[in-house]
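Model, not experiment: these values are computed from the prediction.
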Amino acid sequence: MKALAAMILAALSASAMAGAPEWSAPHQPFQIYGNTYYVGTEGISAVLITSPKGHVLIDGATGEGGKVIADNVKTLGFKMKDVKVILNSHAHYDHSGGISHLQKLSGAKVLTGAEGAKALSSGTTAPEDPQFGTINDFEPVANAHAVKEGEVVKVGALAVTAHLTPGHTPGGSSWSWKVCDKGVCKNFVYADSLTAVSSDSYKFTAHPEVVSSLESSIRKIGALPCDVLITAHPEFSDIFERHARAEKEGVAAYGDGTSCRKLAEASSDRLAKRLESERK
């Protein structure tokens, strides 16, 4: 997993402007557990959390990927018009480019961190973003609002908690919720990117406040109750491999409660290596 994550990290940096083909490529949707489904693309995660009173969608992929998400929701037998809230991890076009399209199909309110909401509304990355100048603009999002740390977003019986996780971007957000099925409950975490990716000219060592934010976000994710981890880029949580195992082994294949801690440890190691490389 670490070797694969390193490869993906390199791809994220190299493909920030052009994008990677798999970010928009279709992927068969699937049930993760209970009322929670993977509806994202081959290379960008998106999750649908369902209820009789309405659904919550997390992330919108690229512009083309948003169409894949809408098709996947339909394939699963649900309707986009029943999506009441769209949550965003961070305002880069690979995770936000499809949100405007999905918002128009559903009329949903869009929620993310304060700086993320500003970026969604403008369709551009902020100058403070480490990847500023290397990220494609995207279609601005209407009806984007900010959430606070620990705010609980409710749709019917659904309750999704916001965890502000800046660093990768100024307005990054992660999300957690509980899924119960047949009396067995699992803690879910949708973790925002925790990688120190930037433009070629950007030095994290010159921005200690960004490093501090990223370190705090890494610790925050590592401390969350975490039976099932889903990451904004699916490779970082091995979600497809775990799903294949879960079809034979059950939901325990998704993790043993240590997935968030392990993600945090790996993210901390990558950050340390990035800082070390800048000091040479």
**Prompt:** Which pairs, with at least one residue in residues 122-143 and sequence neighbours excluded, count as a salt bridge (charged side-chain N to carboxylate O under 4.0 Å, His left out)?
**Reply:** Lys104-Glu139

**Item:** Carboxylate-amine/guanidinium proximity below 4.0 Å for Lys262 and Glu265
**Value:** no

**Item:** Residues His168 and Thr195: side-chain donor-acceptor under 3.5 angstrom
**Value:** yes

**Message:** Checking the side chain of Thr258 only, and the main-chain atoms of Arg261 only, is there a donor and an acceptor separated by less than 3.5 Å?
**Reply:** no

**Request:** List the steps, then state whether side-chain contact (heavy atoms from CB on, under 4.5 Å) holds for His243 with Ile32.
**Result:** CA-CA 7 Å; His243 169 62; Ile32 300 173; over 6 Å; no

**Prompt:** Does the distance from a Lys or Arg side-chain N to an Asp or Glu carboxylate O, for Glu64 and Lys67, drop under 4.0 Å?
**Reply:** yes

**Message:** Strictly distance-based, threshold 3.5 Å: is any side-chain N or O of Ser213 a donor or acceptor partner for the main-chain N or O of Glu209?
**Reply:** yes

**Prompt:** Mind checking whether Leu229 and Tyr190 sit in one hydrophobic cluster, side chains of I, L, V, M, F, W, Y counted as touching below 4.5 Å?
**Reply:** no

**Any Ile221 side-chain heavy atom under 4.5 Å of Ser174 side chain** = yes

**Request:** List the atom of Gly65, the atom of Thr41, and the distance in Å for their closest heavy-atom pair.
**Result:** CA-CG2, 3.8 Å

**Request:** Would you give the length of the straight line joining atom CG of Asp192 to atom OG1 of Thr169, rounded to the nearest 0.5 angstrom?
**Result:** 5.5 Å

**Prompt:** Does Val85 share a hydrophobic cluster with Val141, counting links as ILVMFWY side-chain heavy atoms below 4.5 Å and allowing steps through other members?
**Reply:** no

**Complete:** Smallest heavy-atom separation, Gly54 atom then Lys84 atom, equals CA-CG, 3.9 Å

**Item:** Verdict with reasoning, Thr134 to Ser199, per side chain to side chain donor-acceptor pair (under 3.5 Å)
**Value:** CA-CA 6 Å; Thr134 68; Ser199 64; 5.9 Å; no

**Fill in**
NE2 of His101 to OG of Ser106, rounded to nearest 0.5 Å, is 10.0 Å

**Complete:** Heavy atoms of Ala61 and Gly66 approach each other most closely as CB-N, 4.3 Å

**Message:** Minimum heavy-atom separation for Asp227 and Cys185, please, with both atom names.
**Reply:** OD2-O, 4.4 Å

**Prompt:** Is it the case that one hydrophobic cluster holds both Tyr37 and Val179, taking links as side-chain heavy atoms less than 4.5 Å apart, direct or via other members?
**Reply:** no

**Complete:** When rounded to the nearest 0.5 Å, the distance separating CD1 of Ile58 from NE2 of His95 is 13.0 Å

**Message:** Using a 3.5 Å distance criterion without hydrogens, assess whether the side chain of Ser212 forms a donor-acceptor pair with backbone atoms of Pro208.
**Reply:** no

**Request:** Mind checking the CG-NZ spacing from Leu271 to Lys273? Nearest 0.5 Å is all I need.
**Result:** 11.5 Å

**Asked** Roughly how far, to the nearest 0.5 Å, is the OG1 atom of Thr205 from the CD atom of Glu276?
**Response** 12.0 Å

**Request:** Check the angle between the aromatic planes of Phe78 and His55 and answer parallel, tilted or perpendicular using the 30° and 60° thresholds.
**Result:** perpendicular

**Message:** If we ignore hydrogens and angles and just use 3.5 Å, is the side chain of Ser259 paired with the main-chain N or O of Gly255 as donor and acceptor?
**Reply:** no

**Exam field: side chain Gln31 to backbone Gly34, donor-acceptor pair closer than 3.5 Å** = yes

**Item:** Atom of Ala46, atom of Ile69 and distance for their closest heavy-atom approach
**Value:** CB-CD1, 3.6 Å

**Complete:** Only one of Arg274, Lys203, Glu278 passes side chain to side chain donor-acceptor pair (under 3.5 Å) with Ser198, and that residue is Arg274

**Test log, rule side chain to side chain donor-acceptor pair (under 3.5 Å), inputs Asn143 and His145** = CA-CA 6 Å; Asn143 205 22; His145 300 272; 2.8 Å; yes

**Asked** With side chains defined as the heavy atoms from C-beta onward, is the minimum distance between Leu87 and Val56 less than 4.5 Å?
**Response** yes

**Prompt:** Leu214 and Val189: same hydrophobic cluster, using ILVMFWY side-chain contacts below 4.5 Å?
**Reply:** yes

**Asked** Counting distance only, does the side-chain N/O of Thr165 pair as donor-acceptor with the main-chain N or O of Ser217 below 3.5 Å?
**Response** no

**Prompt:** Between Tyr33 and Asp181, is any pair of side-chain heavy atoms under 4.5 Å apart?
**Reply:** yes

**Prompt:** Between the side chain of Arg270 and the main-chain N/O of Ala196, is any donor-acceptor distance below 3.5 Å?
**Reply:** no

Tell me which donor-acceptor pairs under 3.5 Å the side chains of residues 148-158 have, and how far apart each pair is, sequence neighbours excluded?
from	atom 1	to	atom 2	distance (Å)
Glu149	OE1	Leu164	N	2.7
Glu149	OE1	Lys220	NZ	2.9
Glu151	OE1	Lys148	N	2.9

**Prompt:** Should Thr36 and Leu48 be marked as a side-chain contact (heavy atoms from CB on, under 4.5 Å) after you check the CA-CA gap, both sets of side-chain angles, and the distance that decides it?
**Reply:** CA-CA 6 Å; Thr36 298; Leu48 183 71; over 6 Å; no

**Request:** Go through the steps to decide whether Trp175 and Ile230 satisfy the test side-chain contact (heavy atoms from CB on, under 4.5 Å), and finish with yes or no.
**Result:** CA-CA 10 Å; Trp175 308 91; Ile230 306 160; over 6 Å; no

**Asked** Would Phe204 and Tyr202 count as a ring pair (Phe, Tyr, Trp, His ring centres under 6.0 Å) if you check the C-alpha gap in whole Å, the side-chain angles of each, and the deciding distance to 0.1 Å?
**Response** CA-CA 7 Å; Phe204 281 90; Tyr202 188 94; 5.0 Å; yes

**Message:** For residues Ile49 and Val251: do they belong to one hydrophobic cluster (side chain heavy atoms under 4.5 Å, members Ile, Leu, Val, Met, Phe, Trp, Tyr)?
**Reply:** yes

**Message:** Could you walk me through whether Thr125 and His92 satisfy the side chain to side chain donor-acceptor pair (under 3.5 Å) test, starting with their C-alpha distance in whole Å, then the side-chain angles of each, then the deciding distance to 0.1 Å, before giving a yes or no?
**Reply:** CA-CA 7 Å; Thr125 54; His92 283 171; 5.9 Å; no

**Asked** Can Leu105 and Lys81 be said to form a side-chain contact (heavy atoms from CB on, under 4.5 Å), step by step?
**Response** CA-CA 6 Å; Leu105 292 177; Lys81 70 176 184 179; over 6 Å; no

**Prompt:** With no hydrogens and no angle check, is any side-chain donor or acceptor of Asn72 less than 3.5 Å from a backbone partner on Val39?
**Reply:** yes

**Check: Ala264 main-chain N/O paired with Ser268 side-chain donor or acceptor under 3.5 Å** = no

**Fill in**
Closest non-hydrogen contact found for Ala114 with Ala146 is CA-CB, 3.5 Å

**Message:** Apply side chain to side chain donor-acceptor pair (under 3.5 Å) to residues Ser89 and Asp59 and explain how you reach the verdict.
**Reply:** CA-CA 6 Å; Ser89 58; Asp59 272 349; 2.7 Å; yes

**Request:** Applying salt bridge (charged side-chain N to carboxylate O under 4.0 Å, His left out), run through Glu115 and Lys118 and close with a yes or a no.
**Result:** CA-CA 5 Å; Glu115 294 304 315; Lys118 293 177 184 178; 3.3 Å; yes

**Asked** If you measure only the distance, is there a donor-acceptor pair under 3.5 Å linking the side chains of Ser45 and His233?
**Response** no

**Prompt:** Taking atom CG of Leu111 and atom CG of Leu120, what is their separation to the nearest 0.5 Å?
**Reply:** 10.0 Å

**Prompt:** With under 30° as parallel and over 60° as perpendicular, where do the rings of Tyr38 and Phe240 fit, or are they tilted in between?
**Reply:** perpendicular

**Message:** I'd like to know if the side chain of Ser96 reaches the main chain of Tyr93, judged simply by a donor and an acceptor atom lying under 3.5 Å from each other, with no hydrogens or angles considered.
**Reply:** no

**Item:** His163 and Ser173, any side-chain heavy atoms less than 4.5 Å apart
**Value:** no

